[in-house]
Amino acid sequence: MRFPPTVLFPLLICLLLTALPCSANACAQEQQQPPAVQEALENAPIFVVAPNTVSNISLSRLPKKTSQQFNPSGEIWSIRIELDPRADLKLEQQLGMAPTIDWICDGKIAKKEYLRIMAQGSIIPSDVPFLDFFSMNFIMINKFSLQEALSAAHTICPEKTPFAATVGTAPDTIQNAQGDETPCFDLSSDTVDNLTTSESTGFVKLSILLTPSGREAFHLLTRQHTGERIAFRSQGRILFTAPVYLPCLSGEIIIEADTESVGRRLGQLISATKVEHMHFRPSNDATDGPLAVKHPELVESPLFPVSCENVKHIHFMVMKDMVWKDQSLEGKLYHILIKLTQQGGEDLDRLMRSSERTRFELSQFEVLKNHVQLTAQGQRIISDTPFWDRFEGTSASITMRKGADALAAVRAICPEKAPGQLPEME
């Protein structure tokens, strides 16, 4: 399952905003800071971002309440630039040498390291430097408009820049200024690889990852109609229209829309594309980790029997529990990795393709994805983390929270090919 990094971006934004060292409003206007702050920003060290060190670029609109504190007349878009390991160490080293800027907030000093970002020989200025964020493997800078954010992202790495737009209620038929039909892009199972939606106050964020053929077709469409509006259509019906600011090479489409106007059409899109879908919903009262599946024993997926006949070998991988964390049973997760025979892999693939998707309820997600449940000796093997189960080719993997359960499962599948004991945690 290839969900985009934008899945957790809204959660990250919320965490960063709540972690601000002082009132955002008191630090909102850079020009209201002492001259020393402005001078420090103008002379901050430069970090050069090369296109071949960018692994992903995401865009997200900040909550309206926060945006108005910094930009009363408009909105703020955050650009999150994820770096690959080649740039991680360099960024960490430059952050360690960067001088600390003393922002004046509510009469107090908030200390913050800062770097200026350069790409393609040009400085990428931030409109809200106080909200910019620098971590070991990503950078986040902010712009006052979506068009400026897309332009900055495109300068940094055009191949990783998503298509992004904010949309309202879609008309059922559309025409351009000359009365001609507006160019359309069809969202279908041929062009869409998977969908991700996330809720925020008053709007829904939709992220669409395209298939290779969809990516190629969308790039051609956006290149031919840059500066115009295009429509997104599913099953012959227009879902929404959006302006094209730049050609899109990345194959990712990000749409932010009014919950009421577009939400009712998402069901049609999900049904039409028949792809895996994840829905993120913030929760302040979740007791489990954000990725823990509620009641895994109640998950109903097609059954796939495994035995010595269709299993070549079985391995264990023991890792630290990052799903339940404080609610962990043994502090570990026990991954069971099953290698199937060629015939077993073909049978599994046939079942996956012919079955309906399974819906999972997590503490902060709803997920609709292709999934099966393994059985051995006529009994279901209950995976404690079915959301993370993997079934691809001749490989299957499930996870247990208890070591004893993991050992019992592999012995039920095929005692001759099962490890006799659990390995040490990696």
Side-chain angles (χ1 to χ4, degrees), residues 1-3 193-194 274-276 278 288-289 291-324 328-362 367-426:
M1 180 173 56
R2 186 174 64 96
F3 283 115
D193 186 40
N194 64 55
K274 298 187 182 301
V275 297
E276 296 184 348
M278 175 181 283
D288 292 329
L291 303 178
V293 174
K294 297 179 178 179
H295 307 297
E297 71 281 0
L298 300 181
V299 171
E300 294 186 2
S301 300
L303 303 179
F304 182 76
V306 284
S307 68
C308 292
E309 292 184 3
N310 61 0
V311 171
K312 292 180 68 175
H313 52 76
I314 304 172
H315 294 295
F316 278 127
M317 183 183 296
V318 183
M319 301 183 71
K320 183 178 180 181
D321 187 349
M322 298 301 293
V323 177
W324 281 271
S328 178
L329 298 180
E330 298 178 1
K332 305 173 184 178
L333 289 179
Y334 303 89
H335 301 285
I336 303 173
L337 311 176
I338 304 168
K339 184 68 173 179
L340 300 171
T341 63
Q342 185 64 35
Q343 184 61 51
E346 292 175 3
D347 292 341
L348 174 62
D349 182 68
R350 192 178 303 111
L351 179 63
M352 294 278 286
R353 289 178 180 274
S354 63
S355 302
E356 293 293 325
R357 293 164 292 174
T358 301
R359 184 177 299 278
F360 293 97
E361 290 283 341
L362 290 78
V367 182
L368 194 62
K369 66 182 292 258
N370 295 320
H371 183 265
V372 301
Q373 284 189 312
L374 302 182
T375 66
Q377 301 182 27
Q379 300 294 317
R380 288 196 310 159
I381 299 175
I382 306 298
S383 170
D384 288 324
T385 61
F387 168 64
W388 293 110
D389 292 350
R390 295 291 181 269
F391 306 99
E392 187 172 0
T394 57
S395 298
S397 66
I398 61 175
T399 305
M400 305 291 188
R401 298 177 70 182
K402 294 181 180 180
D405 291 345
L407 281 170
V410 299
R411 288 168 183 164
I413 294 170
C414 184
E416 302 95 284
K417 300 173 184 178
Q421 60 184 14
L422 296 168
E424 295 295 324
M425 184 167 65
E426 296 189 359

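Keep in mind it's a predicted model, so treat the numbers as computed, not measured.
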Considering only distance and modelled atom types, tabulate donor-acceptor pairs under 3.5 Å from the side chains of residues 340-348, sequence neighbours left out.
from: Thr341; atom 1: OG1; to: Gly344; atom 2: N; distance (Å): 3.0
from: Gln343; atom 1: NE2; to: Asp347; atom 2: OD1; distance (Å): 2.9
from: Asp347; atom 1: OD1; to: Arg350; atom 2: NH1; distance (Å): 2.9

Spacing of Phe316 atom CZ and Ile336 atom CD1 [to the nearest 0.5 Å] = 5.0 Å
For the student: nearest non-hydrogen atoms of His335 and Thr399, plus distance | ND1-OG1, 2.9 Å
If you measure from OG1 on Thr385 to OH on Tyr334, what distance do you get to the nearest 0.5 Å?
-> 13.5 Å
All heavy atoms of Val410 vs all of Pro419, minimum pair found to be CG2-CD, 4.4 Å
Arg401 CZ to Leu333 CG distance, which is reported to the nearest 0.5 Å | 8.0 Å
Pairwise side-chain hydrogen bond (donor to acceptor under 3.5 Å, both in side chains) hits with a residue in residues 298-309, at least two apart | Ser301-Thr358, Ser301-His371
Nearest 0.5 Å, what's the CD-OG distance between Glu392 and Ser397?
-> 10.0 Å
Go through the structure and list residues passing ring pair (Phe, Tyr, Trp, His ring centres under 6.0 Å) with Phe304, not counting sequence neighbours.
-> none
Can you name the closest pair of heavy atoms from Gln377 and Arg411 and give their distance?
-> NE2-O, 4.3 Å
Rounded to the nearest 0.5 Å, what's the gap from CD1 on Ile338 to OG1 on Thr394? Could you check?
-> 11.5 Å
Atom of Pro305, atom of Asn310 and distance for their closest heavy-atom approach = O-ND2, 3.0 Å
Criterion side chain to side chain contact (heavy atoms under 4.5 Å, CB included) on Ile381 and Gln373, from CA distance to verdict | CA-CA 7 Å; Ile381 299 175; Gln373 284 189 312; over 6 Å; no
Indicate yes or no for a side-chain donor-acceptor contact from Asp405 to the backbone of Met400 under 3.5 Å, with no hydrogens or angles considered.
-> no
Quick one: pull up CG in Leu374 and CZ in Arg380 and give me the separation to the nearest 0.5 Å.
-> 11.5 Å
Okay, side chain of Ser354, backbone of Leu351: is any donor-acceptor separation there less than 3.5 Å?
-> yes
Side chain Lys417, main chain Cys308, donor-acceptor under 3.5 Å = yes
